[in-house]
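Everything on this sheet refers to the single structure shown next.
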Amino acid sequence: MSLKDRIDGVEQRIGEACRRSGRKRGDVLLVAVSKKFPLDMILEARRLGLQDFGENYAQELRDKQKEAGDGAVRWHFIGALQRNKVKYVVGKADLVHAVDNMALVAELDKRAAAAATRVRALVEINGGEDSKNGIRGSGLREFLEGASGFRNVLLEGLMMMPPYFEDPEMSRPWFSGLREMRDKVSGEFPGIQELSMGMSNDFEVAIEEGATILRVGSAVFGPRPK
Ligand SMILES: *Cc1c(COP(=O)(O)O)cnc(C)c1O
C-alpha cells in the first residue's frame, strides 16, 4: 500500500468516527508518529497534506528538525523526556505531550526562559500498572497547581498511553476516564482542554470518547523499522 493510500484510509476512518460521534473533523488533530521513519517519508507525508509529526527520541527530533529546516513541519515530542534532553526539544517541538514530574516542568521553564519562548505541554496520566510513566489522576490537581507557578510552561491538556489491547473497545474506559479527569479539573484550570489519546489500533474509539489529538504511527507509515 502506498503512503497516500494509508493516509487516505486513516483520514476516512477519522471522518467516519467524527460523524458517528457528532464531532467536527477540525476539532481532532492527527499527529503522524514518525519515530524511526526517515525524513524523506515525513516530507512526502507533508506533501500529501499532513502537518504534524510526533517523535519520541529527543536527539532524533533535533536531527530531523535541523535537516528539514525551520517551519517545514510541526513537531510534537511524544516520548518520555529526560531533563538532560530538554534542550533538544525547547523551541523545536510545538507541543510536548508527556510531562509527568515537577523537575521536568522546572527545566522546561528554565530553558524556555533562556530561549525567550514558551513551551506548550500536556500532562501525562499513568496508563496502567505496567507503565512507570505518568502521574496518578489523584495527584493531578496538586500537580497543576504546582506547575502553574512556572510561567514559561503552558499546560494545555492531558495525555495517556493505556495498555495495549487487541480489542480497541478495551481502551474505551481508559479514554473516557481521561476525559472525565479533564472535565473535573478544567473549571479550576481552564487551560486544560486537550486530550492526546488514541493510536493506530484504537484511534476511532478515542475520537468517540473525546480525543482532540491522535498519535497514529503504523496506520500512517506502515510497519516501523526496528
Ligand atoms: C509509537 C507511539 C505511538 C504510535 O504508535 P502506533 O501504534 O504505531 O500508532 C503513539 N504514542 C506514543 C507515545 C508512541 O510512542
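Order of listing sets the numbers, starting from 1, for every ligand and every atom in it.
Remark: K184 does not engage E180 in a salt bridge, criterion side-chain N to carboxylate O under 4.0 Å.
Residues N126 and K132 approach most closely at ND2-C, 4.3 Å, considering heavy atoms.
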Atom pairs, nitrogen or oxygen, ligand 1 to protein, under 3.5 angstrom:
from	atom 1	to	atom 2	distance (Å)
ligand 1	8 (O)	S218	N	2.8
ligand 1	8 (O)	S218	OG	3.1
ligand 1	8 (O)	R224	NH1	2.9
ligand 1	8 (O)	R224	NH2	3.2
ligand 1	9 (O)	S200	N	3.0
ligand 1	9 (O)	S200	OG	2.5
ligand 1	9 (O)	G217	N	2.8
ligand 1	11 (N)	R215	NE	2.9
ligand 1	15 (O)	K35	NZ	2.7
ligand 1	15 (O)	N56	ND2	2.8

Show me the donor-acceptor pairs within less than 3.5 Å that the side chains of residues 101-108 make with the rest of the protein, sequence neighbours left out.
from	atom 1	to	atom 2	distance (Å)
N101	OD1	A103	N	3.3
N101	OD1	L104	N	2.8
E107	OE2	R111	NE	3.2

Atom pairs and distances, donor-acceptor, side-chain atoms in residues 31-43, under 3.5 Å, two or more places apart:
from	atom 1	to	atom 2	distance (Å)
S34	OG	G54	O	3.3
S34	OG	E55	OE2	2.7

Taking only distance into account, with no hydrogens and no angle test, what donor-acceptor pairs under 3.5 Å do side-chain atoms of residues 87-96 form with protein atoms, sequence neighbours excluded?
from	atom 1	to	atom 2	distance (Å)
K87	NZ	N84	O	2.8
D94	OD2	R120	NH1	2.9

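Of the possible polar contacts, none joining the S131 side chain to the G127 backbone as a donor-acceptor pair under 3.5 Å is found.
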